[in-house]
Number of protein chains: 2
Amino acid sequence: MIWTVDPTAPEPLYAQLVAQVHVALSYGDLADGDRLPSARELAQSLDLNIHTVLRAFQILRDEGVVELRRGRGAIITARSTTGTTNATREADGVRQALRQYVDAGTAAGLPPEALITLLKEALRS
Amino acid sequence: MIWTVDPTAPEPLYAQLVAQVHVALSYGDLADGDRLPSARELAQSLDLNIHTVLRAFQILRDEGVVELRRGRGAIITARSTTGTTNATREADGVRQALRQYVDAGTAAGLPPEALITLLKEALRS
DNA sequence: TACTTGTTCTAGATCATATAGAACAATGTG
DNA sequence: CACATTGTTCTATATGATCTAGAACAAGTA
C-alpha cells in the first residue's frame with residue numbers, strides 16, 4: 001500500500017491517513033489481518049510527527065477498523081458482515097451504488113457538498 | 001423553514017447552516033427563487049454573530065446555491081439540470097440511491113466514516 | 001430620502017491541528 | 001531472560017481555524 005499526505009490540503013493530516021485506509025479497505029487492498037506500518041515508520045517515511053500518525057491510528061481503532069497492541073502494531077480487524085462472501089464483489093457493489101447516488105444527486109441539481117451533507121445525515125440515524 | 005444550531009457539535013456553526021440548506025434543497029423545502037432570512041435576522045434568532053451567518057451565505061454562494069445582493073438578501077438559485085422535471089420526484093430518487101449506497105457499504109463491513117471518505121473521493125474527480 | 005442588506009476591515013478569544021521531547025508499558029524476538 | 005519494537009501517556013509550543021465584536025461602507029428596496 002502506498003501512503004501519501006498533502007500538507008497543503010484543507011483536510012487534516014491525520015484525516016488523510018484515515019481516509020487512505022478507508023479507500024484501501026473499499027478496494028480490498030487492505031483486509032482482515034493485514035498489518036499497517038508502525039507509527040514511527042510511517043511518520044518517518046511521510047515526514048510527519050509520530051503523534052499525528054498515532055492520532056489516525058486511534059481514530060481507526062475507535063471506528064473498529066484496526067486493533068492496536070504495543071509491540072505488535074495496527075492490525076486490520078474490519079470484517080464483512082456476510083462472513084465468507086467475496087470481499088471484492090461486495091466492494092464493487094458499494095462502488096456501483098456510490099456512482100448511482102452521485103449521478104442521481106447531480107441530475108437533481110444538488111451541489112456536491114449537499115450530497116456529503118445528506119450522507120452524513122443518513123449515517124447519523 | 002426551521003433553523004437550528006448546536007454550539008456543542010463538532011461541526012462548525014457556519015457549516016451547520018450550510019448543511020441545513022442542503023437538506024432543505026434535497027427535500028424541496030427550498031426551491032428556486034426562495035429567499036433566506038437576512039443574515040442579521042438569522043444571527044439574532046439563532047444567537048449567533050452576523051459574521052458566522054454571512055460566512056455560511058458566502059459558502060452557499062460559492063457553491064452556486066444562492067445569489068447574494070445587498071438590500072435584497074440571499075435567494076436560492078440552485079436549479080435542476082433537467083429543467084421542467086418534478087423536483088420532488090428527483091429528490092426521492094436521490095434518497096433511494098443514498099439508502100442503497102449506505103446499505104451496500106454496511107453490508108460490505110465498511111465503517112460509516114469510510115462511506116463518507118469514498119463519496120468525497122468520488123466527487124473529487 | 002430612509003431603510004434594509006450584504007461587504008469589508010480590524011481586533012481579540014478560544015479551540016483544533018501539528019510538532020517536539022520524554023518516559024512508560026505491553027508485546028515480540030533472539 | 002535480555003533486548004528491541006510498538007503503542008500509550010504526559011507536558012509543551014507554534015500556527016491556523018473558528019467565533020465573536022464593532023464599525024464603516026455600498027448597493028438595493030420602499
Side-chain angles (χ1 to χ4, degrees), chain A residues 1 3-21 30 33-78 113 117, chain B residues 1 3-21 30 33-78 113 116-117 120:
Chain A
M1 172 173 179
W3 296 83
T4 54
V5 288
D6 178 9
T8 69
E11 289 278 301
L13 297 174
Y14 69 86
Q16 294 182 36
L17 296 177
V18 171
Q20 287 180 51
V21 173
L30 282 179
D34 288 349
R35 182 183 169 277
L36 303 186
S38 76
R40 286 175 175 84
E41 196 175 338
L42 261 184
Q44 186 176 12
S45 63
L46 296 176
D47 199 28
L48 298 178
N49 192 278
I50 185 180
H51 295 99
T52 303
V53 178
L54 283 172
R55 184 167 182 179
F57 278 16
Q58 284 153 13
I59 290 176
L60 291 169
R61 180 193 54 191
D62 294 345
E63 293 175 0
V65 172
V66 301
E67 190 174 355
L68 299 181
R69 295 249 182 104
R70 313 182 227 206
R72 199 169 51 164
I75 285 108
I76 299 288
T77 62
E113 297 78 10
T117 301
Chain B
M1 173 173 178
W3 296 83
T4 55
V5 288
D6 178 9
T8 69
E11 289 278 302
L13 298 174
Y14 69 86
Q16 294 182 36
L17 296 177
V18 171
Q20 287 179 51
V21 173
L30 282 179
D34 287 350
R35 181 183 169 278
L36 303 186
S38 76
R40 285 175 177 82
E41 196 175 338
L42 260 183
Q44 186 176 11
S45 65
L46 296 176
D47 199 30
L48 297 178
N49 192 278
I50 186 180
H51 296 99
T52 304
V53 179
L54 283 172
R55 184 168 183 177
F57 279 16
Q58 284 153 13
I59 290 176
L60 291 169
R61 180 194 53 191
D62 293 345
E63 292 176 1
V65 172
V66 301
E67 190 173 355
L68 299 181
R69 296 251 181 102
R70 311 182 230 207
R72 199 169 51 164
I75 285 106
I76 299 288
T77 62
E113 298 79 8
I116 300 175
T117 300
K120 288 180 181 175

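For the pair A:Ile75 CD1 and D:dT5 C1', the computed distance is 13 Å after rounding to whole Å. Per the geometry, CD belonging to A:Gln44 stands 11 Å off P belonging to D:dT6, to the nearest Å. The CZ atom of B:Phe57 sits 17 Å away from the C1' atom of D:dC19 (whole-angstrom rounding). Nucleotide C:dC3 holds its P atom 18 Å from the CD atom of B:Glu41, rounded to whole Å. If you measure from atom CD1 of A:Ile50 to atom P of C:dA23, you get 15 Å, rounded to the nearest angstrom. As rounded to whole Å, 13 Å separates atom C1' of C:dA20 from atom CG of A:Leu54.
In this view, B:Asp62 satisfies the side-chain hydrogen bond (donor to acceptor under 3.5 Å, both in side chains) rule with no residue, not counting sequence neighbours. Listed by chain and number, the residues in a salt bridge (charged side-chain N to carboxylate O under 4.0 Å, His left out) with B:Arg40 amount to none (sequence neighbours excluded). Residues satisfying the side-chain hydrogen bond (donor to acceptor under 3.5 Å, both in side chains) test with B:Asp34, not counting sequence neighbours, are none. A:Asp6 pairs by the side-chain hydrogen bond (donor to acceptor under 3.5 Å, both in side chains) definition with A:Thr8, not counting sequence neighbours. Under the rule for a side-chain hydrogen bond (donor to acceptor under 3.5 Å, both in side chains), A:Arg61 has no partner lying at least two apart in sequence or in another chain. Qualifying side-chain contact (heavy atoms from CB on, under 4.5 Å) partners for A:Arg70, counting only residues two or more places apart in sequence or in other chains: none. Residues that satisfy the salt bridge (charged side-chain N to carboxylate O under 4.0 Å, His left out) test with B:Arg69, not counting sequence neighbours, are B:Glu67.
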Letter by letter from the 5' end, nucleotides 25-30 of chain D scores (B base, S sugar-phosphate only, - none; protein heavy atoms under 4.0 Å) -BBSS-

Show every donor-acceptor pair shorter than 3.5 Å between a side-chain atom in residues 44-59 of chain B and any protein atom, with sequence neighbours excluded, or say none if there are none.
unit_1  : atom_1 : unit_2  : atom_2 : d
B:Ser45 : OG     : B:Glu41 : O      : 3.3
B:Ser45 : OG     : B:Leu42 : O      : 3.2
B:Asn49 : OD1    : B:His51 : N      : 2.9
B:Asn49 : OD1    : B:His51 : ND1    : 2.7

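OP1 and OP2 of C:dG6 both lie 4.0 Å or more from every side-chain N or O belonging to B:Gln58.
For A:Arg61, whose side chain is taken as the heavy atoms from C-beta onward, the closest listed nucleotide among D:dT8, C:dG6, D:dT20 is D:dT8.
A donor-acceptor contact under 3.5 Å is formed by the side chain of B:His51 with the base of D:dG22.
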Under 3.5 Å, N/O pairs linking protein and nucleotides 13-18 of chain C:
unit_1 : atom_1 : unit_2  : atom_2 : d
C:dT17 : OP1    : A:Tyr14 : OH     : 2.6
C:dT17 : OP2    : A:Tyr14 : OH     : 3.4
C:dT17 : OP2    : A:Arg55 : NH2    : 2.2
C:dA18 : OP1    : A:Leu13 : N      : 2.6
C:dA18 : OP2    : A:Leu13 : N      : 3.2

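Note that the two end axes of the helix from C:dT1-D:dA30 to C:dG30-D:dC1 enclose an angle of 40°, each drawn from 5 base pairs, rounded to 10 degrees.
Across all strands shown, A:Leu68 has heavy atoms under 4.0 Å from sugar-phosphate atoms exclusively, and none from any base.
To the nearest 0.5 Å, atoms CG (A:Leu60) and CG (A:Leu17) are separated by 8.5 Å. The OG1 atom of B:Thr77 sits 9.0 Å away from the CG atom of B:Leu68 when rounded to the nearest 0.5 Å.
With hydrogens and angles ignored, the 3.5 Å screen pairs no side-chain donor or acceptor of A:Arg72 with any backbone N or O of A:Arg35.
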